[in-house]
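Numbering of ligands and ligand atoms starts at 1, following listing order. Computed over heavy atoms, backbone and side chain alike; hydrogens, waters and symmetry mates excluded. Because the structure is a prediction, the values reported are computed rather than measured.
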Amino acid sequence: MISVNDARRILSENLERAKSKNISLNDSLGLILAVDVYSPIDVPSFDNSAMDGYAMKFDSSRNSWESGSVIQAGDTNAYKVKEGTAARIFTGAKIPQGVDTVIPQELIERDEATGRISYDQDKIQTGSNIRLKGSQCKKEELIAEKGTPVTPGLIGLLASVGLNKVEVYTPATVTYIITGDELKEAGTALKEGEIYNSNGPMLEALLKNAGIKEISGLKATDDKEELQEKINKALAASNVLIISGGISVGDYDFVKECLEKAGVKELFYKIKQRPGKPMYAGRKGDKYIFALPGNPASVLSCFNQYVKPSLKYLAGKEKVWEADAVLSLAADQKKKEGLTFFLKGRMEQDEVIIPGGQQSFNLLAFSTANCLVELEEDKEEIKARTPVNVFYL
Ligand code: AMP
Ligand code: MG
């Protein structure tokens with residue numbers, strides 16, 4: 001049996017990212033840049049007005065000017081403004097030749113009869129209200145680094161320099177298999193001895209939350225042949241396979257045997273942790289397999305600790321094994337020495353509270369828990385106020 005940190009290390013040593021892809025900017029939200037991005041142009045690519053107003057060569061000895069041409073945003077004509085005159089100009093319009101200043105229209109008084117304009121000298125300085133060429137970024141300048149998540153803002157930046165495609169890591173495709181003869185779907189009637197399949201809907205949601213777009217779900221009874229067939233099918237179809245249940249030592253737990261038959265190489269089996277001790281991870285070429293014990297708390301905890309970081313790494317993220325926060329434990333906790341505990345927790349300000357009902361079959365605390373709290377393997381008692389690793393759910 002290995003420690004939690006060994007399991008993290010083995011996974012991090014084995015995970016290899018797939019090649020990146022050049023995709024449409026429109027499809028890139030939430031993905032990770034696979035290359036540094038340089039601007040192909042100066043932005044702005046021409047000096048332009050930051051205001052609606054009047055453009056002129058500023059002369060502090062005069063405050064009255066003839067109004068000349070009218071220049072709208074998008075007007076590509078080459079205007080020339082003579083000294084002593086002002087052009088009507090609008091936000092984003094190209095600054096004409098001979099102009100060094102734009103005076104906002106709010107500061108101008110215009111004589112309708114003569115077309116002359118006047119303004120308060122004190123409020124204006126030479127160079128005001130002009131956005132200079134290249135003031136956002138220069139051609140060939142680095143504007144976003146490899147590893148940056150694509151946010152709506154980054155999409156705006158990339159579009160502003162004229163890019164409509166972007167090189168990103170694409171997330172893994174995932175198939176999950178739910179195993180167990182006892183399982184029925186919510187919305188149908190239960191016979192005594194049967195339970196509802198809660199891991200299926202939970203895994204579906206966990207995968208969506210982890211940014212996975214291509215998700216397939218399969219179900220298998222505890223029948224070796226059926227399980228084998230579903231495992232083979234899933235391995236052919238997806239980059240990552242997650243299995244719920246059937247990985248313990250019961251007489252009907254065939255998952256490990258079927259994975260071996262399918263040519264999967266074991267990376268580890270059994271971790272010194274609670275919940276989720278009999279967790280298995282394996283690899284077949286560039287495919288990764290996670291078999292999680294069927295108890296819902298084990299599925300949630302093992303997904304959070306091992307599957308989610310692995311999926312994030314495959315999708316191009318860095319530092320995926322670090323805790324999300326370190327918070328102070330609200331009350332004393334007792335635990336078994338020799339096992340790392342992952343408890344459902346609720347963050348409140350800088351504290352984390354551990355609600356009751358932590359057994360691996362019990363889902364009630366899931367309704368209020370917003371994190372998992374890691375309690376170290378070699379401890380038996382952890383005192384209130386001790387800083388603990390917290391992982392967001
Ligand atoms: P297993 O790992 O297959 O031995 O299952 C361990 C426990 O988790 C058993 O009590 C199962 O009934 C329960 N279990 C397994 N799969 C699911 C599931 N999809 N939804 C809810 N409970 C499950
Ligand atoms: Mg089972």
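- The protein atom (non-hydrogen) at minimum distance from atom 18 (C) of ligand 1 is N199 ND2, 3.2 Å.
- No cation-pi contact links K94 to F46, judged by a cut-off of 6.0 Å to the six-membered ring centre and 45° from its axis.
- With a 4.0 Å heavy-atom cut-off, ligand 1 is reached by no atom of I247.
- Residue nearest to atom 13 (C) of ligand 1, selected from P278, S248, G200, G294: G294 (by heavy-atom distance).
- For the residue pair E167 and S20, a side-chain donor N or O sits within less than 3.5 Å of a side-chain acceptor on the partner.
- Close approach to N295 involves these atoms of ligand 1, each under 4.0 Å from a residue heavy atom: 6 (C), 7 (C), 8 (O).
- Scanning the protein for heavy atoms near atom 21 (C) of ligand 1, the closest one is S198 OG, 3.3 Å.
- Heavy-atom distances between Y252 and ligand 1 stay at or above 4.0 Å for every pair.
- Ligand 1 has no atom lying under 4.0 Å from any heavy atom of G250.
- The distance from ligand 1 to the heavy atoms of I195 drops below 4.0 Å at these ligand atoms: 12 (O), 21 (C), 22 (N), 23 (C).
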Worked check of salt bridge (Lys or Arg N to Asp or Glu O under 4.0 Å) between D42 and K138: CA-CA 4 Å; D42 286 335; K138 300 265 189 304; over 6 Å; no
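- Looking at D223, its side chain does come within 3.5 Å of a backbone N or O of E226 through a donor-acceptor pair.
- The cationic group of K21 does not satisfy the cation-pi geometry with Y169, failing either the under 6.0 Å distance to the six-membered ring centre or the 45° limit from the ring axis.
- Contacts between I178 and ligand 1 below 4.0 angstrom, taking non-hydrogen atoms only, involve the side chain exclusively.
- Residue contact check for ligand 1: G246 places a non-hydrogen atom closer than 4.0 Å to it.
- Contact atoms of ligand 1 toward N197: 18 (C), 19 (N), 20 (N) (distance under 4.0 Å to a heavy atom of the residue).
- Short contacts between ligand 1 and Y196, defined as distances under 4.0 Å to a heavy atom of the residue, involve ligand atoms 20 (N), 21 (C).
- Contact atoms of ligand 1 toward E182: 11 (C), 12 (O), 15 (C) (distance under 4.0 Å to a heavy atom of the residue).
- Contact detail for R283 and E16: the closest heavy-atom pair is NH2-OE2, 2.8 Å.
- Checked by atom type and distance alone, the side chain of D36 pairs as donor or acceptor with a backbone atom of K146 at under 3.5 Å.
- For E194, the CD atom sits in a packed shell: over 12 heavy atoms of surrounding residues, nucleotides or ligands are nearer than 6.0 Å.
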Derivation of the side-chain hydrogen bond (donor to acceptor under 3.5 Å, both in side chains) call for N370 and R346: CA-CA 5 Å; N370 53 17; R346 199 170 62 247; over 6 Å; no
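- Nearest to atom 4 (O) of ligand 1 by heavy atom, out of L363, T179, D253, is D253.
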